[in-house]
Amino acid sequence: MDFDPAYLAKQLPALWRGLLVTIEVSAIAMLIAFALGVFGATIRYLRIPFLSPLLWFYVEFMRNTPLLVQMFFIVFGLPALGLTLPLFWAGVVSLALWAAAFHIESLRGGLATVGKDLHEAGTALGLGKWQFLALVGLPLGLRVALPSMLNTCVSLLKNSAMLQAIGLMELTFVAVDKMAMDFRMLEMFSVLLVVYVALVFLLSAAANWLEYVLQRPFRI
Amino acid sequence: MTAPQASAPLLAISGLCKNYGAVSALDHVDFEIEKGQVVSIIGPSGSGKSTFIRCMNGLEMASSGTVTFEGRQIPLSNQRAWTKLRPDLGMVFQDYSLFPHLSILRNIALAPVLRGRATKAEAQDRALALLARFGLADKAHAYPVELSGGQQQRVAIIRALAMNPKALLFDEPTSALDPETIKDVLDIMLDLARNGMTMIVVSHEIGFARQVADRLVFMAGGRIVEQGRPEDLIARPQSERLVEFLRHLAPRTA
Amino acid sequence: MSLILDNMPLFLRGLLATLQIGVVTLIASTIIGFILGTLAVTRSRLLRLVVRGYVELLRAVPLIVNIFFIFFGAPLFGLQLTPYAAAVIGLSLWGGANGAEIVRGGLLGVPRHQAQSARALGMTEPEIFIQILLPQAMRAIIPAFAGLLTLLVQSTTLGALVGVPEFLQISRLVVERTTVMQGIDPAFQVYAFVLVIYFLLCSTLSFASRWLESVLAARGGSRKTGTAKSLLPETVS
């Protein structure tokens with residue numbers, strides 16, 4: 001089977017639309033996951049009764065079940081409870097809930113590294129629990145947790161390909177769909193390979209840049 | 001001038017250079033040691049003394065120069081030749097470097113068996129005998145983490161001895177130790193020196209050098225600046241740098 | 001609940017297939033991982049670069065795309081693969097890449113002086129590798145591979161998307177069949193059941209991994225040889 005550029009060119013508009021869906025669904029999920037991560041880690045850090053152990057269980061549950069099954073449950077299972085989400089938002093929610101579990105754990109670990117001495121210094125300065133968290137704890141804890149949180153973001157982007165299985169027309173769905181119709185495997189796999197490698201590379205580069213910027217106060 | 005074979009140096013080094021990129025760590029160093037001699041090497045940090053001793057058994061590859069052991073020149077970049085040579089040149093490191101996953105007995109008996117210098121039973125007997133001689137018989141079946149730093153370093157010396165080496169190299173053997181355990185290690189080294197072991201010792205223990213060293217070598221800037229009998233060198237340093245170095249060392253060894 | 005019980009033989013068959021794929025791919029990943037991970041610490045720059053490229057490529061492409069590629073792409077090379085074979089190969093190549101990282105990290109975690117002092121004792125490079133480096137690296141490697149098994153078991157679900165009759169695929173069939181034949185949609189109960197079973201299975205494996213790590217760390221004394229957690233990708237992707 002030969003590589004046919006003309007065929008590929010004809011499919012580009014559809015692939016482009018798929019790529020946009022991949023980027024949109026991932027970007028929105030990343031933002032929500034980040035917010036949930038900060039919120040959840042704060043609850044874990046402050047050991048808020050009932051909520052904190054609940055979140056511990058949530059994190060363990062999400063990390064020890066396959067994302068694909070979580071997606072199936074959200075898309076096909078939840079409607080039984082009257083919870084029917086549009087496909088796009090079902091994708092966003094499943095990716096965000098999954099990534100949030102990893103964020104909570106990373107950030108909880110990051111907050112745990114903020115030492116007791118800093119805490120005592122904060123208390124001595126008259127900072128309240130919340131003030132300390134907002135002014136010292138989170139800024140420092142986020143820096144520690146950042147590398148693994150950014151890793152989670154890269155994983156989220158790659159895992160958006162699983163949404164193919166629930167019928168969301170993102171990049172992988174479009175490519176596999178074309179393959180099933182036209183049997184042009186080579187062109188489509190080349191596209192998937194190049195695009196995902198490029199996306200992961202760009203996201204990693206952005207992550208490294210962010211890390212570099214945030215570490216600025218700690219460099220001489 | 002042909003020297004008779006008997007008095008040929010055990011280890012002879014000439015014109016040894018070691019460059020890291022543009023930086024020169026060793027600059028044409030010449031050095032000889034005869035069988036049964038003890039040589040102490042001192043010098044400020046960055047003087048090249050550690051690099052020098054590591055070039056002697058090929059742990060670091062010198063850039064140029066010659067290393068001659070028992071009259072045979074070792075090709076600098078021939079790893080196989082170095083591997084063959086190393087059992088004859090035992091080495092003791094600053095951080096002991098015992099193998100943490102092996103018992104003390106196995107740490108000592110491993111290499112002699114692998115190199116075919118002894119059967120397993122012989123190697124173990126010899127290891128136990130050495131441990132007994134240096135007061136560590138009860139530690140044979142312990143693991144390195146269970147020993148103090150000084151005990152670990154004594155085991156490291158025994159491990160090197162178990163190979164029946166023709167010379168021992170010491171790379172700052174006491175600088176990672178607590179003051180109270182340094183003496184135990186130095187005692188073993190003194191014992192070995194008095195019993196005729198050929199030793200090259202990179203260390204700031206001037207006391208050790210004064211007691212047993214035949215020669216004291218002072219290195220700085222990748223060169224040997226001065227050398228001679230320890231008492232002469234300490235009493236009448238010729239170079240500015242050695243005067244300075246001894247002045248800084250004095251409070252520690254007083 | 002009776003729905004679950006009625007279909008229990010089917011579910012068990014699916015679960016068995018899942019476990020089987022998990023174990024087979026773990027073995028294959030271990031073999032690939034040890035070979036590549038060892039090559040990744042050799043002196044040859046070329047070999048190191050090749051391994052790096054393999055690992056980076058398999059980590060950059062989504063695992064599901066990788067499995068699709070094996071399954072749909074095999075005919076390009078004149079091969080016809082069953083879904084089962086495609087899933088096993090795809091997962092093994094991915095697991096092998098992660099295994100290589102684990103082994104490489106474990107070997108690099110052994111302090112450099114260990115190899116040097118072995119060299120000073122006249123040991124040869126293969127002897128140093130087998131007697132000194134590998135035994136110490138295993139402390140970090142074993143728990144990490146146990147953790148990798150958890151990830152592999154989770155990723156077997158991706159086999160469902162090419163039609164492997166593993167646990168998730170069987171569950172999908174049960175949902176479809178019940179919907180068609182009885183006119184009720186049992187997706188909620190069935191997928192909740194599937195989630196719970198996976199949770200029990202994977203958290204047991206995660207627990208075993210953590211337990212192994214603590215046991216081996218305690219036996220290994222105070223030397224730090226890198227922890228399993230830092231060697232393992234935290235997620236499937």
Side-chain angles (χ1 to χ4, degrees), chain A residues 1 22 57 60-81 83 98-99 101-102 105-106 109 148 151-152 154-165 171-172 175-176 179-180 183 185-186 188-189 192-201 204, chain C residues 18 56-57 59-66 68-69 71-77 150-151 153-162 167-168 171-172 175-176 179 184-207 229-230 233-237:
Chain A
M1 196 188 239
T22 289
F57 181 76
E60 285 298 308
F61 189 85
M62 297 304 274
R63 281 160 56 114
N64 282 301
T65 49
L67 173 57
L68 190 60
V69 184
Q70 295 169 16
M71 285 175 176
F72 277 26
F73 184 75
I74 288 172
V75 175
F76 304 117
L78 285 187
L81 299 184
L83 261 173
W98 174 83
F102 289 90
E105 188 54 22
S106 307
S148 76
N151 260 335
T152 303
V154 172
S155 296
L156 185 155
L157 173 74
K158 287 191 285 172
N159 282 339
S160 71
M162 286 189 204
L163 295 171
Q164 181 266 355
L171 182 65
T172 305
V176 172
M179 279 188 253
F183 292 101
M185 314 296 176
L186 202 55
M188 288 303 134
F189 277 122
L192 288 180
L193 182 74
V194 169
V195 171
Y196 278 113
V197 169
L199 281 179
V200 167
F201 179 80
S204 304
Chain C
T18 288
E56 290 299 329
L57 184 69
R59 282 185 155 193
V61 177
L63 180 52
I64 181 58
V65 171
N66 180 13
F68 280 149
F69 177 73
F71 186 62
F72 295 119
L76 290 180
F77 306 99
T150 318
L151 295 186
V153 166
Q154 287 192 27
S155 23
T156 53
T157 49
L158 297 179
L161 302 184
V162 291
F167 193 38
L168 177 61
S171 313
R172 272 166 101 183
V175 170
E176 263 176 44
T179 310
I184 49 161
D185 181 1
F188 183 82
Q189 294 96 301
V190 172
Y191 290 133
F193 168 71
V194 174
L195 278 174
V196 169
I197 296 298
Y198 268 112
F199 175 64
L200 294 176
L201 183 61
C202 294
S203 48
T204 309
L205 290 173
S206 301
F207 178 78
K229 272 207 192 87
S230 60
E234 56 185 3
T235 61
V236 179
S237 56

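Since the model is a prediction, treat every value here as computed from it, not as a measurement.
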Original post:
In terms of heavy-atom proximity below 4.5 Å to chain C, should Thr65(A) be classed as side chain, backbone, both, or neither?
Top reply: both

Original post:
Are side-chain heavy atoms of Phe73(A) and Phe188(C) found at a separation under 4.5 Å?
Top reply: yes

Original post:
Does some side-chain heavy atom of Leu195(C) sit less than 4.5 Å from a side-chain heavy atom of Phe61(A)?
Top reply: yes

Subject >> Heavy-atom pairs under 4.5 Å with chain A, option from Ala60(C), Ala187(C), Gly73(C) with the top count >> reply: Ala60(C)

Subject >> Plane angle bin for Phe72(A) and Tyr191(C) - parallel if under 30°, tilted between 30 and 60°, otherwise perpendicular >> reply: perpendicular

Original post:
With a 4.5 angstrom heavy-atom cut-off, which part of Leu81(A) approaches chain C: side chain, backbone, both or neither?
Top reply: side chain

Original post:
Would you say the side-chain atoms of Glu60(A) pair up with the backbone N or O of Phe199(C), donor to acceptor, closer than 3.5 Å?
Top reply: no

Original post:
Between Arg63(A) and Gln154(C), what is the shortest heavy-atom contact and its length?
Top reply: O-NE2, 2.8 Å

Original post:
Which bit of Gln70(A) is near chain C, if near means a heavy-atom gap under 4.5 Å: side chain, backbone, both or neither?
Top reply: both

Original post:
Is any side-chain heavy atom of Phe76(A) less than 4.5 Å from a side-chain heavy atom of Val175(C)?
Top reply: no

Original post:
Are the side chains of Leu68(A) and Ile64(C) in touch, meaning some heavy atoms are under 4.5 Å apart?
Top reply: no

Subject >> Minimal non-hydrogen separation, Lys158(A) against Pro62(C), with atom names >> reply: O-CB, 3.4 Å

Original post:
Quick one: are Leu193(A) and Val61(C) in side-chain contact, heavy atoms under 4.5 Å?
Top reply: yes

Subject >> Which atoms of Phe189(A) approach chain C - backbone, side chain, both or neither, heavy atom under 4.5 Å >> reply: side chain

Original post:
Checking Ile197(C) against chain A: side chain, backbone, both or neither under 4.5 Å from a heavy atom?
Top reply: neither

Original post:
Pick from Leu158(C), Thr157(C), Leu168(C), Leu151(C): which one makes a side chain to side chain contact (heavy atoms under 4.5 Å, CB included) with Pro66(A)?
Top reply: Thr157(C)

Original post:
What's the spacing between Ser204(A) OG and Glu56(C) CD if we round to 0.5 Å?
Top reply: 8.5 Å

Original post:
Is any side-chain heavy atom of Phe68(C) less than 4.5 Å from a side-chain heavy atom of Leu192(A)?
Top reply: no

Subject >> Region of Val75(A) in contact with chain C, defined by heavy-atom distances below 4.5 Å >> reply: neither

Subject >> 4.5 Å side-chain heavy-atom contact, Phe72(C) and Met188(A) >> reply: no

Subject >> Shortest non-hydrogen separation from Ala161(A) to Val65(C) and the atoms involved >> reply: CB-CG2, 4.5 Å

